[in-house]
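Note: hydrogens, waters and symmetry copies are ignored here, and every other heavy atom, side chains too, is used. Numbers restart at 1 for each chain; the letters A, B, ... are given by sequence-line order, proteins then strands.
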Amino acid sequence: MKIAVTATGDNLDAAVDPRFGRCAFFIVVDTETAAFEVVENTAAGAAGGAGIQAGQRVADAGAEAVLTGNVGPNAFRTLSGLGLKVCTGVTGTVKEAIEQFNSGALKDSAASNVGSHFGMGGT
Amino acid sequence: MMSNRDRVKRIAIASGKGGTGKTTVATSLALALRHVEHVQYVDCDVEEPNGHILLRPSFEEVIPVGIPVPSINESQCTYCGQCAESCVFHAIAVSQSTKAALVFDKLCHGCGVCSYVCPEQCIAEHTREIGVVQRGQANGIAFVQGVLNVGEALAPPLIRAVKKHIAQEGVVLVDASPGTSCPVVEAVRGNEFCILVTEPTPFGLNDLVLAVEMCRAMAIPMGVIVNRDGVGDKQVEAYCEAQEVPILMRIPFDRHVAEAYSVGEPLIEALPEYADRLVRLYEDISRVV
């Protein structure tokens, strides 16, 4: 299956980006073949609807699950509504996150874990 | 004595920085002119209209305002995703593989493109209420305001609905919200002149520059009122002179003005000498245009 990991850089050694909607990149990995695709997150600079746009993007890339730090309310609704599983609170490198996922160590999240526009900084 | 033909009809009052005195000026200008002209005060600060506090209108009509948002008929939907792709506000998300279509009402701007492009024509529009327009009278002044629902982010459609009630005769004063973004542009658009109320401080100047640029981009003649004149510095004056933006009036800092405002008393009731000054302001504006 394909899983998307939010990343601060464009490779497997990059750190997991704690933001979903405004992360720098999505690394979409095929867990069976270990092949991966780097998707730049064009939603990062959006004034609004970044989570929805990002959710649409990873769904279009064929991901069935998302590994990330924080997910806001619109992003969560998009991901779960489009049938993707979401794991929040994921840390480490992209490679380590995938290993955690494959070993069954990660739990699915049932809801968003931060408020809207959390990833924009400030209060 | 000027003929009615020469007089300006629609004047917006904006500022840039908030709290500079737009409503103080707009309401007292309305009160000052009502003996000379038929006056309509239009409060387009729909997120927090406050003109009613000073003018105390009695309301005669409340009109709900909504925008059209999409309802996708999923029994006919093929999940092609064209609606999602066409939405510039990202208010729709669709997955072909999981057969899911989601609409985010709060992000929808009611543009209607999704229902237009749907190949199956299975998107209907239902109305989402965003606020109300209220009409009334205040001491011989025609009064219109918009009140946006709490939690609603989208002001411009309600402002457009408010502006539909602008009178076709007499003087119309359009009180805008602070700032220079979409709601202010919508309020100011279509008026013949824009009064920019500012204060002589670095904050006032910073936002005045943005407001001047906005008026220039919209090709609307403008003039500045410096409120709380005497506090702060001379940078606003220097800027206006360099930019050839006329300073129409200065309201000196006076604690009495703030005290009156704090109890909802209009400027010209607390300081009656402003009545003549405001009538002359209106005549000066007519000359500038």
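Proximity to chain A (any heavy atom under 4.5 Å) is restricted, for B:Val103, to the backbone atoms N, CA, C and O. Using a 4.5 Å cut-off between heavy atoms, A:Asp60 contacts chain B through its side chain alone, with no backbone atom that close.
By the 6.0 Å and 45° rule, B:Arg10 does not stack over the aromatic ring of B:Phe193.
Considering all non-hydrogen atoms of both residues, A:Thr78 and A:Gln56 come closest at CG2-N, 4.1 Å.
Across A:Gly49, A:Gly81, A:Gly83, the residue that shares the most heavy-atom pairs under 4.5 angstrom with chain B is A:Gly81. Put simply, of B:Ile92, B:Val94, B:Thr98, the one with the most heavy-atom pairs under 4.5 Å next to chain A is B:Val94.
Tested against A:Thr6 for a side-chain hydrogen bond (donor to acceptor under 3.5 Å, both in side chains), the candidates A:Asp17, A:Asn41, A:Thr68 yield a single pass: A:Thr68.
Ring-centre distance between A:Phe20 and A:Phe26: below the 6.0 Å cut-off.
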